[in-house]
Amino acid sequence: MLIVGELINSTRKAIAAAIEAGDRASIQQIAKDQANAGARYIDVNAGSFQDREIEYLTWLVQTVQEAVELPCCLDSPNPAALEAALKVHKGIPMINSISLEKERCEKLLPVVTANDFKVVALCMSDEGMPRTADDRIRIAEELVNFLLDHKIKLENIYVDPLVQPVATDQTFGREFLKSVEQIMSRFSGIHTICGLSNVSYGLPQRKFLNRTFMAMAIAKGLDAAILDPLDKQMMANVLAAEALVGRDNFCMNFINAHKAGKIVC
Amino acid sequence: MTDKLIHALVEMQETEALQQAKQLLDSGTDPMDILDACSKAMEKVGQRFEKGEYFLPHLMMAGEMLKQISDIIKPLIKEEKSTTEKRRVLIGTVKGDIHDIGKNIVTFLLEVNGFEVRDIGIDQPPEKFVESIQEFQPQVVGMSGLLSLAFDSMKETVEAIEKAGLREKVKIMIGGGQVTEQVKDYTGADALGPNAIAGVNLAKQWIGGK
């Protein structure tokens, strides 16, 4: 399971304050904590600052990569901000995200095609948010084929089928899970990724619901996630689900995590 | 007389609520009284939601029950109400944003609360808002957007409404996962609704309704 640490996001108040104050130490500590907890990419988002996103996103990349030897997941729909951040980024970043929305797609394509970057392909189009598995698969097919046509390697594509709250429509969870399964089986070698906390919006016990949904998604083939790696129960749940679904050789990851005291239930 | 109906609605007893509504109708209760009872029940559900006792699915379910009941009752109500001024709300997701879940919930709840709602959809430019206001003549305009880039669109939309000379005619509310007081001030809207019930309450506060 590829974990993208989600914590350095400017929509979170503490992060926005740290960014504005130029507080390197706080940002670097959060980057290190996430790395130690098993994150393989550190998501960076400065989207709350419309006027200064370019400057702040660049600063975040530099600040994070001074502290950890990990690539970043550059979280922005703004090509200018991405280009500026890429100039200082070390290693192979993940671009989060491109979609079938015409404007976003046209603007971001040159950024992603020129290089061997990982790219999150969000199942969203100008027609709006997908509701059913079929909606998602239709968008995913069009988007993936489009990216392949532009010489992006299949193994660099992370399809995000888009999680929506079951509190607003009880079919949303099921349809998401179906789409993960179908996308993974139609495109052998592709990845699926998601940020799944949206699923529990409007409900009590959100963390518990999120963990349960994660296990269900892993069972369907989800192999990457944007989440809070400091959430120990979530991380334990990921390891358990991977072992149970046969993606952990001889269950060694699970056992080793147990020995290290990391399986917190 | 309508106590049982109100109780069933508030306690999310769907079958019981529908049965009660039908019984009341059969026994000759004025359909308007039944609708009044529904509004009272909805208000109680809203209060429980705001206290954290109820969750989003309760709102959705209450809305669904109300919709079923009003489908039965509406044809029975004489058109006497049309003489009084209709309470209209125009709603849409602003340009550059295509999120619609929040908008759809607010639309639904406004409708079951007796407002006439026109939903102009997602990714709608300021011109479309202006055009629709001229056509539909709402007293309230709701702008929705989840992305931070939607805030600029909201601001542009308010400006366009102002330019068209319509600003005095409408109250403007905004909603979306990330809207704050600062965002409200930035966009020039009159108020923000942190959740769907708040949106309904704003509309009630501005243009009345039970």
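All values derive from a computational prediction rather than experimental measurement. Below, chains carry the letters A, B, ... as their sequence lines are ordered, and counting in each starts from 1.
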Tell me whether [X] at atom [atom1] has more than 12 heavy atoms from other residues, nucleotides or ligands lying less than 6.0 Å away.
X        : atom1 : answer
A:Arg131 : CZ    : no
B:Met12  : CE    : yes
B:Lys95  : NZ    : no
A:Gln205 : CD    : no
B:Phe108 : CZ    : yes
B:Lys44  : NZ    : no
A:Glu142 : CD    : no
B:Gln68  : CD    : yes

Report the option among A:Asp126, A:Thr168, A:Leu203 that has the most heavy-atom pairs separated by less than 4.5 Å from atoms of chain B.
A:Thr168

Pairs of heavy atoms under 4.5 Å with chain B: top-ranked of A:Pro204, A:Gly47, A:Gly128, A:Ser48:
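Heavy-atom pairs under 4.5 Å are most numerous for A:Pro204.
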
Between B:Phe55 and A:Gly202 the two heavy atoms that sit nearest each other are CB-O, 3.2 Å

What pair of heavy atoms forms the shortest contact from A:Met129 to B:Ile98, and how long is it?
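For A:Met129 and B:Ile98, the tightest heavy-atom pair comes out as CG-O, 3.6 Å.
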
Passes side-chain contact (heavy atoms from CB on, under 4.5 Å), A:Met124 versus B:His99? Steps please.
CA-CA 10 Å; A:Met124 209 139 94; B:His99 290 90; 4.3 Å; yes

How long is the straight-line distance from CD of A:Glu101 back to CG of B:Asp123, given to the nearest 0.5 Å?
8.0 Å

Nearest-0.5 Å distance, CG of residue B:Leu146 to CG of residue A:Asn198
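These two atoms lie 8.0 Å from each other.
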
Please look at A:Gln170 and chain B and tell me whether the side chain, the backbone, both or neither of the residue comes under 4.5 angstrom of a heavy atom of that chain.
neither

I'd like to know which of B:Thr93, B:Leu59, B:Asp97, B:Ile101 tops the heavy-atom pair count under 4.5 Å against chain A.
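Option with the top pair count is B:Ile101.
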
Could you walk me through whether B:Leu149 and A:Gln50 pass the side-chain contact (heavy atoms from CB on, under 4.5 Å) check?
CA-CA 7 Å; B:Leu149 61 89; A:Gln50 287 114 307; 5.6 Å; no

Engaged part of B:His58 at the chain A interface, taking heavy atoms whose separation is under 4.5 Å:
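Interface part for B:His58: neither.
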
